[in-house]
Each structure stands twice: as structure tokens, then as C-alpha cells.
Amino acid sequence: MKIHNTLTNKLEPFEPIHKDTVNMYVCGPTVYNYIQIGNARPVIFFDVVRRYFEFLGYTVNFVSNFTDIDDKIITKAIEEQEDEITIAEKFIDAFYKDVERVGSTTKYLAPRVTEYMSAIIDYIDQLVKKGYAYEVDGDVYFRVAKIDHYGDLSGRNIADLETGARVEVNPKKENPLDFTLWKKTPQGITFPSPWGEGRPGWHTECVAMINDIFGGQIDIHGGGADLMFPHHENEIAQHRAIHGHAIAKYWMHNGHLTVDNEKMSKSADNYIFVKDLDVDYMGFRLFTLSTHYRSPLNYTDESLNSYVNEWQRLRRTYTQAFYQLDLAEKLDDTPSYNAELDKIRKNFLAAMDDDFNTANAITELQQLAKYTNHKTRQDDSLNQLLGAVRLFDQFFEILGLDARTKRMSKATRNIYMEWADARKNKNFEKADRLRETLQEKGIL
RNA sequence: GGUCCCGUAGCCAAGUGGCUAAGGCAUAGGACUGCAACUCCUUGAUCACCGGUUCGAAUCCGGUCGGGACCUCCA
């Protein structure tokens, strides 16, 4: 199992810190709006990461936060004449719905900033006491100059960053790179702190949560590539300041999604919410997994549709094989795996082991479909067909693709038999009628 | 202005130094079928461009063009 570590920019063998356990944290959403399809990429990809580790036998402790205190939420609250908590609640519910829509699990620990206020304040307080942070007029800033290796993760050096600063610098800061830990807020929800009423900056929450929940270095820290700088860089800096070592062993970042080769933005009028996609969401999931996670993913209607079709094809292959076995009452037999199936399985796992190369894994899924379609037309090798179905189950489970198919009821089975009979007796009128019924039930 | 990523057939996409550049969709032809649907078989590439390194490059180096991300608070 190899993982590309953003920190070293290399493929590294995965070795868990604690035997048989994977502790991972993925930066979650700021809940001020519905999520757009680009936000769904980490939601889907890191769900696959979790699934694959679980398949390999690890216990995965998966944590992803909600940022429920933020200027954008405050702005939205004022806009909608609601309080921040109500807004946050609304979009947390919406987020969970979208996560389920795209086939990812919602059963993981999801701490919220509002629940972590005292831990965050405590963390900032420690930074101040150790001299890594300073207070100015009710704001608290992190002293970047005091940390070595700032910029390692994103491959930047401090000199370049200073040159590049093109916006007016905040005169309160000792150094333009210093980032906000605590912010005195003129409007919206505030919390009491040693530095007065205010709210936390964005970068401390993840560190405080990781520290509290995991109590030490985690295996994997993930998120979108846009978070690499400054967010993750700042997490590393804070954690190093207090604990003297890196917060995570492996950093994983997914590439961006563009729409017609443009960044999604409201002004470009190409903003697509997950909830508004009018397609089979499993097709969308397959689409996002069709490109390696670190590569950019470009959305076009044509491209999405081709994967929606591909998904329907895969599912059809699966259900046809399933029903054939069901009719023959072979579903509970012992599956047989021949060399061809073993090879497909081996290639699939090798692809996943290679830094979660889902694109190549999907290729094996397609090979499995071809194999299955061949076997479906040969009645003599039902145990091998069963092997194929079981392999499909495994692949679908790992990728989070849901093709669950129920066994036929007795009534349906009878209709099927009648249909077969009618065809045999060339009673085509009756056969066509029954065929329609079976098609409606999704059997044919 | 700075840092970095990407550019493979009509479309999606793997491959990152070495046999004839995976796979899928679409197209076209064929097979199967009572008719369909489904399915199967066959069908396509001067790897953006120019130059260099090498016995050998899609893959490494330099340049050009095109697209994208980040560089401040925020995502």
C-alpha cells in the first residue's frame, strides 16, 4: 500500500502509527451554503480511502469537522435574518443529505467548532504563553517567524510569500504571514476569552480537535488541494509549536474540480449544487472516481452522462447475473474463482494499493463486467458466475457503489417462468406483456 | 509579480525511460433475437508545439503556446 504524501511529495509505503488502526482527519465544510459538486470530491474520495482500509482489515477512526463559526456564516445569518446556529444547523442537515446522496457514509465523528470553544481557547492560550502567539487589541496572531520549516508542505519559502503579498498588510501583525488565531468581532456571535469577546480564527479548530480526539499524531490528514496553503501549513505550525512534532504522518490532497475547464464561481454562473444534479448519484460517484484523485477533474454534461451510462451498464450486468443465479437457486452456493477472476481481483487491489488509483480499479470493474456478461450467457458455469457476483460485491463495497439487488419474490419468479414458457411456445403477445412487467420490476 | 500543477484519439482516462501507448464511452460494420432491448466480436493516436539529453522519451531537461490552483481575511 503506497500513498502519495504531500509533505514529501513522494509515494511512501503506508505504515500505521498504531498497529491495525488508521487515524484520519479530513477538513470538513464551513456550513454557510449547500455544497457544490467540487466539495463532493473529498467527500467521496476519502470515503473510499476509509472503505479500502477497512477492507484491508484496519480499524479506521474517521473524523471530519464542521466549521460552524465563520464570517461567511455571520454574513448569511444577517442576510437571512436568522441566528448563526440556525444557519449552521440548516446546512449541516443539508450536508449530511448530500453525503448520503453520493453514497458516502455519515457515520463518523463530526465535531463542531462551537463544541470545541474551550479547547480552542485553551490551545491559543498555550501558544500565547509559549511565545508563539501575541495579542494585539483583542486579536491574537500566530508568530510564524518562530517556527522552522514553515512552508514545507506547500513547497513555498517565506521570502517568496512576502514578495507575493499584493494586498495591504494588516498593520497589527508583526509579520504579514502571521495568521489569526482569535479575532475580535464587531458583529455576529461572539464568545468570551482571555483576550475579550470574539471568535476563533479558522486554523486552530482542526488542531484542537485532533489533539483532543486522537491525543497525538494521526496517520492521515486529508482535504482539498486549496487547503494546503495556508490552512494545513498553519495547522502544522501550531502543532509543532506546542508538541514539537508533526501533526500527521501522511498528508493527502485531492485535486480540484472545474466546470468546462473553469473554476466554479457564482459570477461565472457555473455553480452546481450537489442537490441539484438531476442524475443517478452513483453515476456521479463513478464519474468523480474515474480520474485519479490528485489530478484535476473537469465536469462537463457529456462526461458526467457517459459515466451515468457506464454505471447503468455495470449495474445491469450485476443484476442480470444476480437474477440468473437467483432463478437457479445458486446464490448460496460456494463461489468458484478461476484464473481470470483472480487476475481481475489482483489487478483491482494493486490499483487501489497504488495510491488509490481508482481509475485503474474501475478498469478492472469493467473487465469483470465483460467476464460476467460472457458467463451470463453460459449456463454451465454458474459457480464461476457466482464468483463474479461476489467479486462485484467486494469491488462495489470498496468503491461505495450501491447496486444492491433483492432476491425475487415467489410471485415475480412465477411471472418470469410464465414469460419463459410463453416465449418457448411462441405466444409472443403474452410474452411481450409479461416482459413489460418484468422490465418494470427491473428484472430484465 | 511569485510558487506550483496539468495538456494522451470526437469525449473520459491509465501509463512517468525500453515489447505492437491499457480500459471505457461515442462512431461504423457484423453476430445473437419472434421483434426489440441487453450482450458479444471487429473498428481509431505523428502522446500541445519546438529544441536537447539518451542506444532508446508520452515519460527526463530547456523553451513556446494553452488551461488551472495558490500566494491576505476567507474557502
Side-chain angles (χ1 to χ4, degrees), chain A residues 6 9 11 27-30 32-33 35-36 38-39 67 70-75 139 151 154-170 173 176-180 183 201-203 223-231 233 253 255-265 286-287 289-292 294-314 316-317 319-321 347 351 354 357-367 369-370 372-377 422-429 431-432 435-436 438-439 444:
Chain A
T6 314
N9 201 23
L11 275 184
C27 289
T30 300
Y32 69 100
N33 205 343
I35 59 165
Q36 35 87 349
N39 300 134
T67 301
D70 176 89
D71 282 348
K72 291 198 170 194
I73 298 174
I74 294 171
T75 307
D139 291 344
S154 51
R156 288 151 209 268
N157 63 65
I158 291 177
D160 285 342
L161 289 168
E162 283 170 351
T163 314
R166 59 177 177 191
V167 172
E168 240 180 292
V169 293
N170 180 344
K173 292 182 179 177
L177 293 178
D178 290 351
F179 54 90
T180 310
K183 194 170 182 175
W202 175 39
H203 308 297
D226 54 337
L227 299 179
M228 225 155 73
F229 187 90
H231 183 54
E233 205 72 71
H253 293 96
H256 275 127
L257 182 145
T258 53
V259 173
D260 295 326
N261 282 315
E262 269 185 70
K263 185 187 178 177
M264 233 189 297
S265 68
L286 191 66
F287 163 72
L289 294 174
S290 68
T291 301
H292 186 92
R294 285 190 278 119
S295 300
L297 174 64
N298 185 39
Y299 173 94
T300 61
D301 289 339
E302 184 187 1
S303 181
L304 174 62
N305 283 332
S306 93
Y307 281 99
V308 169
N309 289 337
E310 187 60 21
W311 167 245
Q312 281 162 357
R313 202 174 75 85
L314 289 168
R316 195 160 45 225
T317 296
T319 53
Q320 288 308 301
N347 290 344
D354 179 21
N357 194 329
T358 51
N360 280 342
I362 288 169
T363 294
E364 296 310 316
L365 201 54
Q366 288 163 335
Q367 294 314 303
K370 187 169 280 186
T372 306
N373 282 325
H374 280 143
K375 290 291 173 195
T376 306
R377 309 286 152 139
R423 287 185 72 200
K424 206 157 134 196
N425 300 325
K426 298 195 191 290
N427 184 349
F428 296 128
E429 207 179 304
D432 287 352
R435 176 167 72 187
E436 209 169 304
L438 290 169
Q439 278 172 337
L444 290 176

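Everything quoted here is computed from the prediction, not taken from an experiment. Order of the sequence lines sets the chain letters (A, B, ...), proteins ahead of strands, with each chain counted from 1.
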Next item on the list: Look at the side chain of H374(A) and decide which nucleotide, out of C73(B), U39(B), C40(B), has an atom nearest to it.
Entry: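 Output: C40(B).
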Measure from [atom1] on [X] to [atom2] on [N] and round the result to the nearest Å.
X: D71(A); N: U72(B); atom1: CG; atom2: C1'; answer: 13 Å
X: H203(A); N: U72(B); atom1: NE2; atom2: C1'; answer: 10 Å
X: Q36(A); N: A75(B); atom1: CD; atom2: P; answer: 14 Å
X: D432(A); N: G34(B); atom1: CG; atom2: C1'; answer: 9 Å
X: L11(A); N: U16(B); atom1: CG; atom2: P; answer: 10 Å

Checklist line | With sequence neighbours excluded, residues passing ring pair (Phe, Tyr, Trp, His ring centres under 6.0 Å) with H253(A) | finding: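 Here the qualifying residues are H232(A).
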Check: Is there a donor and acceptor pair, one atom on the side chain of R435(A) and one on the base of A36(B), closer than 3.5 Å?
Finding: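 Under the 3.5 Å cut-off, the side chain and the base do form a donor-acceptor pair.
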Margin query: Base contacts versus sugar-phosphate-only contacts with protein, heavy atoms under 4.0 Å: please encode nucleotides 23-29 of chain B as B, S and - from 5' to 3'.
Written below: SSS----
Check: Taking a pair as Watson-Crick or G-U wobble with both distances under 3.5 Å, which nucleotide is matched to G18(B)?
Finding: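 For G18(B), the partner nucleotide comes out as C55(B), under the 3.5 Å rule.
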Item checked: Sugar-phosphate, base or nothing in reach of K72(A), heavy atoms under 4.0 Å ->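 Result for K72(A) = sugar-phosphate.
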Next item on the list: Scan R377(A) against the nucleic acid and name what it touches under 4.0 Å (heavy atoms): base, sugar-phosphate only, or nothing.
Entry: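 Answer is base: heavy atoms of R377(A) come under 4.0 Å of a base.
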Pick out the pairs of N or O atoms, protein on one side and nucleotides 5-8 of chain B on the other, that lie under 3.5 Å.
none

